[in-house]
Amino acid sequence: MNLILFGPPAAGKGTQAKRLVTEHGFIQLSTGDMLRAARSAGTELGQRVAAIMDSGQLVSDEIVIELIEDQLDTHKDAPGFIFDGFPRTVPQAEALDKTLAKRDQEIDCVIRLRVDEEALLDRVTKRFEEQGREDDNPETFKKRIDAYNAQTAPLLPIYAERKKLTEVDGMGSIEKVAAEIDAALAKQSGDEKKGFLSKLLGGNN
Ligand code: B4P
């Protein structure tokens with residue numbers, strides 16, 4: 001199963017993706033983590049993206065698409081992935097569809113974590129105090145929210161139209177959000193099985 005964890009910055013995508021890896025054996029592809037790793041390693045890519053990330057803007061589509069394609073090539077035999085923080089723009093979503101189609105795969109489920117802006121700000125303020133992540137300061141965070149609303153949120157109706165979108169309340173505790181995601185995934189795999197049976201039985205199931 002290929003799953004997208006979708007939501008504004010600090011909605012809990014990374015938190016939930018890591019749990020799904022531990023509990024269900026998914027492979028997590030987080031473009032945010034990849035970019036931060038490049039920065040920590042001081043690579044040429046890391047140096048190129050540092051200022052953009054610290055300003056709260058999105059890095060270029062070309063860069064993140066290449067990062068994702070490299071990872072898909074690396075894990076050729078994986079049964080599925082969690083895309084965490086990717087896609088974040090329409091061109092990224094189109095590139096993902098194309099690259100998955102080449103592998104005879106598609107996006108099966110998009111889970112949107114809904115968290116209100118005040119709670120998001122509380123979370124990043126706490127993380128800024130604890131970890132000092134430059135893009136978590138309140139001014140930069142506002143720009144990240146603006147980028148989400150302008151460039152990422154427009155993907156929601158696209159996935160809704162394809163009947164891939166499930167909304168999850170991301171305001172509860174980490175455990176409560178996890179339980180809701182698990183329920184959504186169980187329903188999704190049930191629906192997939194039903195669809196498969198229905199095809200097998202000529203659409204009568
Ligand atoms: P990300 O790394 O994706 O952003 P994030 O803030 O870490 O979001 P996430 O939703 O994963 O939050 P988390 O679980 O950590 O992106 C960072 C930057 O990289 C972007 O601004 C951009 O510049 C660049 N970038 C990345 N991908 C890109 C792309 N595809 N295209 C272009 N640019 C890209 O949770 C946040 C905090 O909340 C944590 O401290 C956590 O402990 C806490 N928390 C989580 N769930 C909670 C809950 N239920 N209750 C209370 N606290 C909770």
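Atoms within each ligand, like the ligands themselves, are counted from 1 in listed order.
Using a cutoff of 4.0 Å between basic side-chain nitrogens and carboxylate oxygens, Lys13 and Asp84 are not scored as salt-bridged. A salt bridge links Arg36 with Asp33; the closest basic N to acidic carboxylate O contact falls under 4.0 Å. No salt bridge links Glu139 with Lys143; every basic N to acidic carboxylate O contact stays at or beyond 4.0 Å. Using a cut-off of 4.0 Å between Lys/Arg side-chain N and Asp/Glu carboxylate O, Asp77 and Arg103 are scored as not salt-bridged. Salt bridge annotation for Asp182-Arg19: present, with a cationic side-chain nitrogen under 4.0 angstrom from a carboxylate oxygen.
With ligand atoms numbered from 1 in the order given, ligand 1 contributes 2 (O), 4 (O), 5 (P), 6 (O), 7 (O), 17 (C) to contacts under 4.0 Å with heavy atoms of Arg133. Contact atoms of ligand 1 toward Gly85: 27 (N), 28 (C), 29 (C), 30 (N) (distance under 4.0 Å to a heavy atom of the residue). Interface of Gly32 with ligand 1, defined as ligand atoms under 4.0 Å from a residue heavy atom, comprises 2 (O), 26 (C), 27 (N). Close approach to Phe86 involves these atoms of ligand 1, each under 4.0 Å from a residue heavy atom: 30 (N). Below 4.0 Å from some heavy atom of Gln92 lie the following atoms of ligand 1, by number and element: 29 (C), 30 (N), 31 (N), 32 (C). Of all the atoms in ligand 1, the ones that sit under 4.0 Å from a non-hydrogen atom of Ile174 are 46 (N), 47 (C), 48 (C), 49 (N). Within the listing of ligand 1, atoms 10 (O) sit less than 4.0 angstrom from a heavy atom of Ala11. Those atoms of ligand 1 that come under 4.0 Å of a heavy atom in Thr15, given as number and element, are 13 (P), 14 (O), 35 (O), 41 (C), 45 (C).
With 3.5 Å as the limit, one finds no donor-acceptor pair spanning the side chains of Asp122 and Thr125. Side chains of Ser30 and Gln28: a donor-acceptor N/O pair is absent below 3.5 angstrom, by distance only. Using a 3.5 Å distance cut-off with no hydrogens or angles, the side chains of Asp135 and Thr140 do not pair a donor with an acceptor.
For the pair Gly12 and ligand 1, the shortest N or O to N or O distance falls below 3.5 Å. An N or O contact shorter than 3.5 Å is missing between Asp136 and ligand 1 by distance. Considering backbone and side-chain N/O of Ala10, one or more are found under 3.5 Å from N/O of ligand 1.
Heavy atoms of Arg127 found under 4.0 angstrom from ligand 1 belong exclusively to the side chain. Contacts with ligand 1 closer than 4.0 Å are made by backbone heavy atoms (N, CA, C, O) of Ser173 only, the side chain lying farther away. If you look at Leu58 next to ligand 1, the close heavy atoms, those under 4.0 Å, come from the backbone and the side chain alike. Contact annotation for Val49 and ligand 1: no heavy atom of the residue comes within less than 4.0 Å of the ligand. Contacts of Glu130 with ligand 1, taken as heavy-atom pairs under 4.0 Å, are absent altogether.
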request  = Please lay out, stage by stage, how Asp61 and Arg88 fare under the test salt bridge (Lys or Arg N to Asp or Glu O under 4.0 Å).
outcome  = CA-CA 9 Å; Asp61 290 333; Arg88 263 174 154 98; over 6 Å; no
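Atom 22 (C) of ligand 1 has as its closest protein heavy atom Gln57 O, 3.7 Å. Remark: minimum distance from atom 4 (O) of ligand 1 to any protein heavy atom is reached at Arg144 NH2, 3.5 Å. Considering only non-hydrogen protein atoms, atom 46 (N) of ligand 1 sits nearest to Arg123 NH1, 3.6 Å. Nearest protein heavy-atom neighbour of atom 27 (N) of ligand 1: Thr31 OG1, 2.8 Å. From the protein, the heavy atom lying nearest to atom 33 (N) of ligand 1 is Val59 N, 3.2 Å. Nearest protein heavy-atom contact of atom 25 (N) of ligand 1 is Leu35 CD1, 3.6 Å. Given atom 11 (O) of ligand 1, the protein heavy atom at minimum distance is Gly14 N, 2.8 Å. For atom 1 (P) of ligand 1, the nearest non-hydrogen atom of the protein is Arg88 NH2, 3.6 Å.
Considering Val64, Val110, Leu96 in turn, Leu96 is the only one that fulfils the side-chain contact (heavy atoms from CB on, under 4.5 Å) rule with Pro87.
The closest approach between any non-hydrogen atom of Arg36 and ligand 1 is below 4.0 Å. Residue contacts with ligand 1 include Gly172, since one of its heavy atoms falls under 4.0 Å from the ligand.
Met53 and Gly32 make their closest contact through CE-O, 4.4 Å (heavy atoms, listed as atom of the first residue, atom of the second, distance).
Around atom CD of Glu118, no more than 12 heavy atoms belonging to other residues, nucleotides or ligands sit under 6.0 Å away. Shown here is Glu161, whose CD atom has no more than 12 heavy atoms of other residues, nucleotides or ligands within 6.0 Å.
Clustering ILVMFWY residues whenever any of their side-chain heavy atoms sit less than 4.5 angstrom apart, transitively, puts Leu29 in the very cluster that holds Leu155. Hydrophobic clustering, with ILVMFWY side chains joined whenever heavy atoms are under 4.5 angstrom apart, keeps Ile82 apart from Leu100.
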